[in-house]
Amino acid sequence: MMRKIYQKIIPRKIPSAALDVGEREIKFVYLDPWHAVPEITTVARYPAPPGVFGEVINEELLVDVLDDMVNEYLLAGTEIISALGGNKVVTRQINLPRMSAKKLNKAVLQEVEKFMPVPLDELFVRHLVLDENAIDNRKELNILIAAAPQATVYQYHALLKRAGLTLVALDLPALAIWRLYRNEHAASDNVIAIFEIGETKTCLVITKKGRMKYTRIFPVGGSLLTRSMSEAYGIDLDSARKLKESEGVIINENDLAGVAADKMRIDLSLRDGLGELLREMRRSLEYYANQFNAEPVDKVILSGGTCNLPGFDVFVSEALGLPAEVARPASLSFAREGEFSFDPSLAMAYGLALREV
Ligand SMILES: Nc1ncnc2c1ncn2[C@@H]1O[C@H](COP(=O)(O)OP(=O)(O)OP(=O)(O)O)[C@@H](O)[C@H]1O
Ligand SMILES: [Mg+2]
């Protein structure tokens, strides 16, 4: 009886759990949304089996890991928000003249036909108007289009179900990142570029006053630094990654004096990879700058696992000539230390989990 009454008063439970299947790590986050600032109540992390999101999703490998996770953390039946990994979702940002909703839908589909090799009736297509610009008395809409093969979405839904998880929403990485750092960019007049740098991909989101101006995913990440170290030391990739994560450091000019030789060697071994990563980050900022009406970026927020590398923020800041920091988002309340403290590796999962909050 009591239960029935409660169910009437309290709306359906808000799903505030998220699963982020990364190339390096599978991450699950559960939030308690009944606080002014949501708190993190569960964090689960498992090494990702290699190549899960290849040409086709490797179901068996993924389900094995998810089974372990669901059993260990008692997650059976949990409703989750997730994003498709790999390059399964294709996004494009385009300008179209302002038109009726019906015409816009049609124009979006015509655009999708140009860049997707899959027939339209086998795709899910969504679009989002990011901005409206006036060009010579004409109104132009800046539109973000996302398209994913229906078969992939159904397959992902079904494999999560096999592991006992219910997928209630698929989100875009860019929206998750935008949402996570909302407090930082909404209250600011600055143009802020957020880079979420993972293992093999980086998501760039450029915002101003809470609006997303530009987004792009490009295929670079921490694996470049691992490779760079592996070549410099002549060790395999796995050992190089471990060395990077435990000893990795970028020494900046101001700290050069008195640095031990082994630290110098680590720094040097990372430089090739860093150069490549930075080149791609710069190129992405150039793509943005070439957009109509693009205002220069004032500031950079760094996120994603690669930003755990000590000295990375200072390095990026100097290389781009912009202030850059690994900012702790104010949208969540973090513990001071331990598993519920802020970890930039979990940015995507945090942002996804905030979707319905
Ligand atoms: N302390 C650290 N120092 C340097 N690099 C680190 C550190 N911790 C994690 N990384 C690196 O961060 C990367 C993993 O980041 P993240 O977990 O965001 O990636 P992912 O989500 O699994 O991959 P992707 O988003 O590309 O699919 C790896 O390259 C890892 O080596
Ligand atoms: Mg990731």
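Order of appearance sets the numbers: ligands from 1, and atoms from 1 within every ligand.
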Out of all atoms in ligand 1, which are within 4.0 Å of some heavy atom of Glu25? Include the element for each. 22 (O)
Using a 4.0 Å heavy-atom cut-off, which part of Lys27 comes near ligand 1: side chain, backbone, both, or neither? side chain
Looking only at the side chains, is there a donor atom on one of Ser345 and Lys27 sitting less than 3.5 Å from an acceptor on the other? no
Below 4.0 angstrom from a heavy atom of Thr200, which ligand 1 atoms are there? Numbered from 1 as shown, please. 26 (O)
Does the side chain of Tyr73 pick up a donor-acceptor pair with the side chain of Thr42 at under 3.5 Å? no
Quick one: do Asp67 and Arg162 make a salt bridge, cutoff under 4.0 Å? no
Numbering as shown, the atoms of ligand 1 that approach Thr306 to under 4.0 Å (heavy-atom distance): 12 (O), 13 (C)
For the residue pair Arg92 and Phe115, would you count it as a cation-pi contact if the rule is NZ or CZ under 6.0 angstrom from the ring centre and within 45 degrees of the ring axis? yes
If I apply the N/O under 3.5 Å rule, does Thr226 come out as touching ligand 1? no
Pairs of nitrogen or oxygen atoms closer than 3.5 Å, one from Gly22 and one from ligand 1: do any exist? no
Ion pair present between Glu247 and Lys242, side-chain N to carboxylate O less than 4.0 angstrom? no
Among Arg45, Lys201, Glu196, whose heavy atom sits nearest atom 24 (P) of ligand 1? Lys201
Could you tell me whether some N/O pair between Arg241 and ligand 1 is separated by less than 3.5 angstrom? no
Numbered atoms of ligand 1 (with element) below 4.0 Å of Arg24, judged on heavy atoms: 14 (C), 20 (P), 22 (O), 23 (O)
Tyr287 and Phe218 aromatic centres sub-6.0 Å: no
Between Arg216 and Ser284, does any side-chain donor sit less than 3.5 Å from a side-chain acceptor? yes
